[in-house]
Structures are given as C-alpha cells and as structure tokens.
There are 2 protein chains.
Amino acid sequence: MKRNSRLSSTLHILVHMAETQEHALTSEQLATFIHTNPVVVRRTIAGLRDAGIVTSARGHGGGWQLGRAPEKISLAEISAALGETLLPFGTEPESPGCLVEQAVIAALDDFRVEAERLLAEKLSRITLADLAADFRRRYELIGVTSHAV
Amino acid sequence: MKRNSRLSSTLHILVHMAETQEHALTSEQLATFIHTNPVVVRRTIAGLRDAGIVTSARGHGGGWQLGRAPEKISLAEISAALGETLLPFGTEPESPGCLVEQAVIAALDDFRVEAERLLAEKLSRITLADLAADFRRRYELIGVTSHAV
DNA sequence: AAGATTCGTAACTAACTAAGTTACATGAAA
DNA sequence: TTTCATGTAACTTAGTTAGTTACGAATCTT
C-alpha cells in the first residue's frame with residue numbers, strides 16, 4: 001500500500017466485499033487484494049466499522065462484511081470514516097496578531113469550508129454499488145471481447 | 001513553517017509584498033514574516049518567479065517584488081506555481097489487471113479531474129488584491145476600535 | 001472443555017517526505 | 001573591489017505512515 005492511497009485501497013477492499021456478500025472475508029484475504037499486511041487492513045478499516053459501513057466478527061468463520069447494502073454506502077461516508085481530509089490545507093496561525101496572516105487565514109478558511117462542502121456533495125453521489133456495477137461491466141466486456149476476438 | 005502550509009505561508013509573503021510595492025524585500029525579511037529561513041523562502045517562491053508572479057534581483061538593493069498588479073494575481077495561479085496538488089489523492093495501479101482496481105481508479109480519477117477543475121475555478125476568483133484589501137480593512141478596524149475604546 | 005481461528009491493539013522498525021541548515025558560486029550595485 | 005543578495009547543491013533533522021511482530025480476547029467446531 002503506497003502513501004496517500006488509503007481511499008483507493010479501501011474502495012478496492014469494499015468492492016470485493018460487495019461482490020462476496022454471501023460470506024465474510026478475513027483480514028488475511030483482504031490484505032492480499034491490496035498487497036499488504038492483515039494488521040494494516042484492520043487498522044485502516046477499523047473506522048468503517050464504527051461508522052456502520054462494515055461489520056467484523058472474531059473467531060472461526062469470522063471476518064469482514066458490508067454493514068449495509070452497497071447502494072446505501074457513499075464514497076463521502078467512506079472518506080469521512082477514514083478520517084481523511086479532502087483538502088490538504090493547513091492554516092494554523094504562526095504569527096498571532098499579524099493582520100496579514102489573519103487576512104490570509106480568513107480567505108483560505110472560507111475557501112476550504114466551501115470546497116469541502118462541494119467535494120463531499122460530489123462524493124456523496126457515488127456509491128459502492130456504482131463501483132461494483134462498473135466492475136461487473138468491465139468483467140462482462142472482457143468475456144465478450146475474448147469471445148469475439 | 002509547518003507542514004503543508006506552503007500556500008498560506010506564500011500568501012502571507014505576497015500580501016506583504018503587495019503592501020510594499022515601492023521597494024524590493026529580501027529573502028531575509030520575507031523569512032522573518034513566516035518565521036523561517038531565507039533559503040526556504042527562495043526555494044518556496046522560486047516557482048512563482050518562473051510564473052511571472054514575482055521578480056527577483058541579485059546584488060545590492062536586490063530582493064523580491066510582485067511581477068504584476070495584485071489585481072491580476074489569482075490564488076489559482078499561485079497554487080499552481082507552487083506545484084501543489086489541490087487534492088491529496090493517489091491512484092497508481094498496484095494490481096495491474098485487477099478489474100476491481102480498474103473500476104476504483106476510474107471512478108476516483110473522474111472525481112479528481114472534475115474536483116480539481118472546480119477548485120481551480122473557485123481559487124481563480126480570489127486575487128492578491130482581495131487579500132490585501134481585507135488586510136487593510138482589518139488594519140483600519142483596529143485603529144477605529146482603539147480610538148473608540 | 002480443548003483447540004483452532006480470527007479480530008483488536010500495542011509497540012517497534014523502516015521508508016519516505018518536507019523543512020531546516022550550511023556552504024559557496026554568481027551577479028549587481030556602491 | 002568590496003558588499004550585498006540571490007541560486008543552488010548537499011546534508012541534517014523532524015514528522016508521518018506503512019509494515020511487522022507479538023499476544024490477548026472472542027468465537028466456532030469437535
């Protein structure tokens with residue numbers, strides 16, 4: 001798992017879970033999908049459990065499953081549950097009292113707040129089901145072309 | 001200078017430059033504004049010079065000045081000149097051939113492209129002159145209240 | 001009840017990134 | 001020609017995140 005790819009890795013995992021809703025998948029299995037370690041998987045998606053996006057079960061036959069239908073899981077929720085900030089801005093004051101700095105921070109904070117609202121709105125329109133459907137479309141396409149060619 | 005605050009630090013510097021257009025400011029002076037090192041300043045705003053946002057002059061009496069009127073310098077240009085990505089997404093393929101991954105990357109890339117366009121559009125509507133004006137408004141306000149109180 | 005399986009989590013290591021620093025060459029003005 | 005200031009390379013330091021090891025807790029099977 002590379003840096004800053006937590007959202008894409010998590011989506012990868014979740015689409016696999018959406019395609020395997022009959023039974024739970026172990027951290028071990030999920031880890032192989034994104035070429036990493038079971039512990040990293042647990043740590044990464046722990047927040048998704050708290051948000052009800054996935055459920056986990058210990059012991060024999062345990063593992064991870066979606067917490068609700070893929071149609072009802074948006075990328076906005078997933079991103080939020082991962083604790084990721086959509087924008088990489090930092091505007092902590094460094095010279096308290098400097099009016100120039102205050103003007104800069106005010107402008108950037110305004111921008112950030114509205115931008116995050118906008119992005120979250122866009123992400124909320126994409127669901128896990130959309131990704132799963134696109135996956136299936138690609139899958140069918142492969143089958144068709146390999147027949148045709 | 002803290003992490004990921006390059007845009008705000010640079011804006012801080014640029015507003016100071018907008019308020020001091022009579023003469024050039026040295027890296028040394030700019031560095032004190034954001035509590036860092038002259039070399040860090042040069043490195044940070046080197047890209048702005050290439051974009052024509054600032055000019056630099058060596059030697060006695062040299063330093064940095066705005067390359068054009070603050071009204072004609074947008075935050076979008078500044079951000080782009082800094083080489084910052086507005087979105088912190090990484091979607092490099094890790095399992096070439098995995099159709100699930102392809103679906104995830106396609107969705108995220110679509111989102112990222114449109115989101116970046118949106119954000120750039122918003123940032124292009126804010127100019128250095130806007131920030132400078134806000135600074136001056138705050139400055140006047142201090143003067144008024146300190147009289148009144 | 002015993003044993004196997006799987007998550008939960010703490011603690012440590014390794015890799016990577018970005019800021020900070022030092023040093024010195026280059027160029028321009030007094 | 002001396003002084004001032006940028007340009008830039010090279011190195012150090014700090015902080016973040018992924019990766020790893022280890023082990024306790026919970027749950028299922030037999």
Side-chain angles (χ1 to χ4, degrees), chain A residues 1-10 12-13 17 20 23-51 53-67 81-85 88-90 92 94-95, chain B residues 1-10 12-13 17 20 23-51 53-67 79 81-85 88-92 94-95:
Chain A
M1 198 196 279
K2 301 199 193 72
R3 202 165 175 266
N4 250 357
S5 59
R6 265 169 63 205
L7 180 57
S8 63
S9 296
T10 301
H12 190 153
I13 284 175
M17 283 168 61
T20 321
H23 57 87
L25 292 168
T26 67
S27 308
E28 188 84 38
Q29 294 173 304
L30 296 175
T32 64
F33 291 142
I34 58 174
H35 301 112
T36 185
N37 192 293
V39 178
V40 174
V41 169
R42 288 184 211 127
R43 211 154 54 189
T44 303
I45 63 180
L48 304 189
R49 181 185 48 227
D50 303 337
I53 296 170
V54 298
T55 61
S56 66
R58 293 177 168 189
H60 205 123
W64 302 81
Q65 281 184 290
L66 291 185
L82 286 174
E84 287 195 331
T85 54
F89 287 17
E92 306 95 64
E94 297 177 341
S95 311
Chain B
M1 197 197 278
K2 302 199 191 71
R3 200 163 179 272
N4 250 357
S5 57
R6 265 168 65 202
L7 180 57
S8 63
S9 296
T10 301
H12 190 153
I13 284 175
M17 285 169 60
T20 322
H23 57 86
L25 293 169
T26 67
S27 308
E28 189 84 37
Q29 294 173 303
L30 296 176
T32 65
F33 292 142
I34 59 173
H35 302 112
T36 185
N37 191 292
V39 177
V40 174
V41 169
R42 290 183 210 127
R43 210 154 53 187
T44 302
I45 64 181
L48 304 190
R49 181 185 49 228
D50 303 337
I53 296 170
V54 299
T55 61
S56 66
R58 294 177 169 190
H60 205 120
W64 301 81
Q65 281 184 291
L66 291 186
S79 172
L82 286 174
E84 287 195 329
T85 53
F89 287 16
T91 51
E92 306 96 65
E94 298 178 341
S95 312

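Source: prediction; values computed, not measured. Chain letters run A, B, ... following the sequence lines, proteins first and then strands; every chain starts at 1.
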**Asked** Does the side chain of S56(A) get closer than 4.0 angstrom to OP1 or OP2 of dG8(C) through an N or O atom?
**Response** yes
**Asked** Atom CZ of R42(A) and atom P of dA18(D): how far apart are they, to the nearest Å?
**Response** 16 Å
With the criterion being N/O to N/O and under 3.5 Å, what pairs connect the protein with nucleotides 9-14 of chain D, and how long is each?
from	atom 1	to	atom 2	distance (Å)
dA10(D)	N6	R43(B)	NH1	3.2

**Prompt:** Would you call L25(A) and H23(A) a side-chain contact if the rule is heavy atoms closer than 4.5 Å?
**Reply:** yes
**Request:** Would you indicate whether the side-chain heavy atoms of T55(B) and R49(B) approach each other to under 4.5 Å?
**Result:** no
**Asked** Taking NE2 from H23(B) and C1' from dA29(C), how many angstroms apart are they, rounded to a whole number?
**Response** 17 Å
**Message:** Is there a side-chain contact between T36(A) and the phosphate of dG19(D), meaning an N or O under 4.0 Å from OP1 or OP2?
**Reply:** yes
**Prompt:** Between L7(B) (CG) and dA18(C) (P), how many Å, whole number?
**Reply:** 15 Å
**Item:** T26(A)-W64(A) side chain donor-acceptor pair, cut-off 3.5 Å
**Value:** no
**Asked** Looking only at heavy atoms, which two atoms of M17(B) and L30(B) are closest? And how far apart?
**Response** CG-CD2, 4.2 Å
**Message:** Within the structure provided, determine whether S56(B) and Q65(B) are in side-chain contact (heavy-atom separation under 4.5 Å).
**Reply:** no
**Complete:** E28(A) CD to dT20(D) C1', in whole Å, measures 13 Å
**Request:** Check the distance between dA5(D)'s P and L30(B)'s CG and give it to me in whole angstrom.
**Result:** 12 Å
**Rounded distance in Å - CG (N37(A)) to P (dT6(C))** = 16 Å
**Message:** Tell me whether the side-chain N/O atoms of S27(B) come closer than 4.0 Å to OP1 or OP2 in dA5(D).
**Reply:** no
**Prompt:** Which pair of heavy atoms, one from L82(B) and one from R6(B), lies closest together, and at what distance?
**Reply:** O-NH2, 2.5 Å
**Prompt:** Whole-Å distance between dG7(D) C1' and L48(B) CG?
**Reply:** 15 Å
**Request:** Might you point out which heavy atoms bring I53(B) and A81(B) nearest each other, and give the distance in Å?
**Result:** CD1-CB, 4.0 Å
**Message:** Testing the basics here: between G62(A) and A24(A), what is the closest heavy-atom pair and its distance to 0.1 Å?
**Reply:** O-CB, 3.9 Å
**Exercise: identify the closest heavy-atom pair between T44(B) and V40(B)** = OG1-O, 2.6 Å
Using a cut-off of under 3.5 Å, enumerate the N/O to N/O pairs linking the protein to nucleotides 25-30 of chain D.
from	atom 1	to	atom 2	distance (Å)
dA26(D)	O4'	R58(A)	NH1	2.7

**Asked** Between D50(B) (CG) and dT6(D) (C1'), how many Å, whole number?
**Response** 14 Å
